Amino acid sequence: MGATVTKEAAAPIAQLIQAKEAVSIQDNEFWEKVIPSTIIVPEKIFTQASQEGVRTIKQDCPKNLATLVRRAILKLQAASRTPCQIPTTKIQVTNAVRMLTKIIPNMLEDPAWDGFWWTPTPLGVVVNISGEDIQAPEAGSNQQQEPLAFSLLSAILDLLFVPGYTVEPTRAAPISAYKSAHDMPGEPFMWSTGIGHKGKFNVPSVKMATARYDLLRLLLVCISRVMYQSAQTAEPEADGWLRYLTAGTHAKASAFYLSIFNTVLSYDAFGWNMPFGSWFPDVEYQQVVEACGDLVGVLVDFRPRQNDDSDSAPVNHFANTIASISDDKDFDFVVKGMVAMMMGPLQHNRRYPVVHHALLITFWRLLDTNEKFVSYVLRSGEVLEIITPALYYIHEYRLNHGQIGLVHICVYILLILSGRRNFSVRLNKEYEPTIRIPVPTFEGNYGDLILLVIHSLLTSKNPHLTPLYECLLTIIVNISPYMKRVSLIAANKLVHLFEVFSSPRFLFAKERNHHLIFFLLESFNNLIQYQFEGNQHLVYVVIRRRQIFTRLMGIASSPLMEDEAGAATNAVPQVVFDPANTVPTTPVGQNHPAVVRSSLKKDGHDKEHFTVQAPPQQPQLPPAPAGKGKASGDSSGTPPVQESVASAATPREFLPTKKWMDGWRTKLPLETINRLLQVLVPQVEKLCADKGVTDEAEIIEFLKNGTLVGLLPVPHPILIRRHQSVPHCTVWFSSYLMGVLYLRYMEPPIWHGTQVRLFKVKHVQEE
């Protein structure tokens, strides 16, 4: 019977699609059939009001589509002017909400309908609410100039705090004391315990959770206009929907902001402290949490632009609310909630709401806007628990083109934190794995983990990550003066990056590529000059891989021949070399040859030739690598392993010149490493020759007890580079967030099938 009722109730939508003449907005009988008092499940509404059907109305009789939307908005507005306690009223509201959720994306995709939402809300139109005819709004009311978009958003905010429909009744604000849902305050009905609300919290019933989810989903539809703008013309900061939603002018705005924020952070995946509660996840409530997370991500990232005809600058009150948090108890709630919601899905085998993207964006904005929050996070030490999942997502999604946005966000978080001395100092804490990040097994600290993850990102073959290269190396530079001990594996990876970026093929591929070796040389100098005592592993690897540095010294001191530079540029921008854990062999016949056992070998050979010698005084420019790609200076018999760094350079895109080379090669900060090699190489060479040292552990122990006090150049000042947002990031992050929304809401589909322009949608056929 229920299916029959649903089918009959949905039939007028099909009749409206077939109508060729406009139906008057005052035809109450007809429109009440289109938005009936019997419940229609979303799947039925989405089937009846298909994309093709809505487009048919839009083309053949657009007045009917406009009238349908106006009537639905008026229905919601009228319901908010009543206590909304009668069951049929709730059903009518639910049907209107679901119908608008389906129809609005088909209107937003057409620029011709943009002006429709800013037309005045009709006055004096009679709608039926539970058998009673109500004018919404009444003629002569003060809402005469309010646009349709504002009326819709205002009604949604009112309906999100209706006792018995979306929230539990409370004695603090009895329903009988208010004439309508619009007049009720929002604070007594906040959804969850947390910031601004310390009262008792109960999980909403399935019906209430479903009602909240429907309304939140409609809000997300309303603020998705940017999805139908191209990346070149998109102006998310000028979105009128978001401007109203974040303006804080609605009476329930503050309660709404804190409700969605607290809902995300207070979610308990372990059954709300009930026995075996985690065995029965509340799917409906998890959907509410995810929708709240999506709204938090979009709202906190919105930066309204000032209109030319306005004297006062618009304010994002939601972002200001989050940025104004100042109490340590609230900070504790925020941090612990973020850690639980980001670490939980990676630690436990149970379904969690997927909100990590919103939390990472919120954390990023808090770091950018709330200095007290930054101080608390760094003081409490829980910052390490937050960056751990961020590092996981960087490594996990480095090759996933659809998640590059999330990788960028995580990198920006690390960049902001790396500019804080307290953060860099805390990275010396011993790393104890709490989640599995598939990097080489190591014994070290959180700083080592960051170096290993950055290495995996920089050596991936994803060209979309190229813009992040300088950001990633800036992170290394910022933390390097405070890293007391770099593990052997992390030190090896760091020198490996220098080998890649200083190779002629990469160095001569693009005009700015030489900047990367400056970052790495500065990192080495920081570690050697400020933390030499504990970084014997790095010193050991620098000595083992000294040919890399002498090669760069050769480039820096030799004249550049344009034909050689051209040959390097014409080569494919890919570097082939011995693995990061091997040492280039020295020619046979060197003085004091020795064989040193290395724990870093992974190719089945436990021995390698090891000879240390002072760097040559006048090294020559190595020849451009041949087409087969063996790195210059590599005369070992070990089969080379191919690794590459993605480069956007194309043949002849950039041709190095002597003027370009002279502009930077004399500025290379090689003095510290050159002095280190001049002092320590003879000592290690003598150790190997005189005592027959054959184990790298003995050499490392020797370096540990050594000193360079008074031998190194005067330490340079520590230079910390900080993150600064740029305007084009606004469109970029809007594109990412809208992509998350598009993919999440596919059952039933909301935006799928519409003409999205902000990003490309690729359809994959399942086999």
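Quick note: residue numbers are just sequence positions, from 1. All values below come from the heavy atoms of this structure, side chains included, with hydrogens, waters and symmetry mates left out. Nothing here was measured: the structure is a model prediction, and the numbers come from that model.
Leu457 and Leu465 make their closest contact through CD1-CD1, 3.5 Å (heavy atoms, listed as atom of the first residue, atom of the second, distance). Across every non-hydrogen atom of Ile548 and Ser502, the tightest pair is CG2-OG, 3.8 Å. Ser456 and His395 get closest at one heavy-atom pair: OG-CD2, 3.1 Å. The minimum heavy-atom distance between Ile325 and Asn370, with the atom names listed, is O-ND2, 2.9 Å. Minimum interatomic distance between Val383 and Arg426 (heavy atoms only, all atoms of both residues): CG1-CD, 4.4 Å. Listed here is the closest heavy atom pair of Pro669 and Asn525: O-ND2, 3.2 Å.
Counting only heavy atoms from C-beta outward, the side chains of Leu521 and Phe498 approach each other to under 4.5 Å. You'll find the side chain of Met483 reaches within 4.5 Å of the side chain of Leu451, heavy atoms only. When side chains are defined from C-beta on, Asp328 counts as touching Arg379, because their heavy atoms get closer than 4.5 Å. Inter-residue side-chain proximity for Leu360 and Cys410 is flagged as met; some heavy-atom pair is nearer than 4.5 Å. Side-chain contact between Phe733 and Ile409 is present, with at least one heavy-atom pair separated by less than 4.5 Å. No side-chain heavy atom of Glu443 sits less than 4.5 Å from a side-chain heavy atom of Ser487. Asn262 is listed as a side-chain neighbour of Phe333, based on a closest heavy-atom distance under 4.5 Å. Looking at heavy atoms from C-beta onward, Lys336 lies out of side-chain contact with Glu385 at the 4.5 angstrom threshold.
Checked by atom type, the side-chain pair Tyr376/Asp332 shows a donor-acceptor distance below 3.5 Å. Defined by atom type and a distance below 3.5 Å, a donor-acceptor pair is missing between the side-chain atoms of His537 and Asn492. Checking Asn526 against Ser480 by side-chain atom types alone, a donor-acceptor pair falls below 3.5 Å. In the model, Gln529 has a side-chain atom that pairs as donor or acceptor with a side-chain atom of Thr672 under 3.5 Å. Side-chain polar atoms of Glu696 and Tyr540 form a donor-acceptor pair below 3.5 angstrom.
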Start with the C-alpha gap between Leu366 and Met338, add the side-chain angles, then the distance that decides, and say whether side-chain contact (heavy atoms from CB on, under 4.5 Å) holds.
CA-CA 12 Å; Leu366 279 169; Met338 287 184 171; 4.1 Å; yes
Could you walk me through whether Tyr392 and Leu346 pass side-chain contact (heavy atoms from CB on, under 4.5 Å), step by step?
CA-CA 9 Å; Tyr392 171 85; Leu346 305 177; 3.5 Å; yes
Starting from the C-alpha separation in whole Å, work towards a yes-or-no answer on side-chain contact (heavy atoms from CB on, under 4.5 Å) for Ile528 and Asn535.
CA-CA 7 Å; Ile528 294 170; Asn535 278 306; over 6 Å; no
Using the rule given for side-chain contact (heavy atoms from CB on, under 4.5 Å), can you reason through Phe501 versus Leu507, listing the C-alpha separation, both sets of side-chain angles and the distance that settles it, and then say yes or no?
CA-CA 6 Å; Phe501 292 134; Leu507 194 58; over 6 Å; no
Could you walk me through whether Ser266 and Ser192 satisfy the side-chain hydrogen bond (donor to acceptor under 3.5 Å, both in side chains) test, starting with their C-alpha distance in whole Å, then the side-chain angles of each, then the deciding distance to 0.1 Å, before giving a yes or no?
CA-CA 7 Å; Ser266 63; Ser192 180; 2.4 Å; yes
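The CD1 atom of Ile476 lies 6.0 Å from the CG atom of Leu497; values are rounded to the nearest 0.5 Å. To the nearest 0.5 angstrom, Glu685 atom CD is 11.0 Å from Ile543 atom CD1. Here the CD-CD distance, from Gln547 to Glu499, works out to 9.5 Å after rounding to the nearest 0.5 Å. In this structure, CD1 on Ile454 lies 10.5 Å from SG on Cys471, to the nearest 0.5 angstrom. Atom OG in Ser375 sits 6.5 Å away from atom CZ in Arg420 (nearest 0.5 Å). In this structure, CG on Leu391 lies 12.0 Å from CD1 on Ile386, to the nearest 0.5 angstrom.
Between Tyr431 and Phe442, the ring center distance clears the sub-6.0 Å criterion. Ring centroids of Tyr469 and Phe519 are separated by 6.0 Å or more, keeping the two rings apart. Between Tyr482 and Tyr530, the gap from one ring centroid to the other reaches at least 6.0 Å.
Judged purely by atom type and a 3.5 angstrom limit, Asp690 has no side-chain atom pairing as donor or acceptor with the backbone of Leu687. Asn462 places no side-chain N or O within donor-acceptor distance of the main-chain N or O of Asn400, the cut-off being under 3.5 Å. At least one donor-acceptor pair under 3.5 Å links the side chain of Asn428 to the backbone N or O of Val425. The backbone N or O of Gly444 sits nowhere less than 3.5 Å from a side-chain atom of Arg485 that would complete a donor-acceptor pair.
Between Tyr285 and Tyr267, the two ring planes are parallel [angle under 30°; tilted spans 30° to 60°]. Ring geometry for His514 against Phe518 counts as perpendicular: the plane angle is over 60°, on a 0 to 90° scale with 30° as the lower cut. Between Tyr412 and His408, the ring planes are perpendicular. Angles over 60° get that label, and only those under 30° would be called parallel.
At a threshold of 4.0 Å, the pair Glu470-Arg512 counts as salt-bridged, since one of the basic side-chain nitrogens sits closer than that to a carboxylate oxygen. Using a 4.0 Å cut-off between a side-chain N of Lys or Arg and a carboxylate O of Asp or Glu, Lys484 and Glu430 do not qualify as a salt bridge. A salt bridge does not link Asp330 with Lys372: none of the charged nitrogens is closer than 4.0 Å to a carboxylate oxygen. A salt bridge links Glu290 to Arg351: one of the charged nitrogens lies within less than 4.0 Å of a carboxylate oxygen.
Within 6.0 Å of the CD atom in Glu533, the count of heavy atoms belonging to other residues, nucleotides or ligands does not exceed 12.
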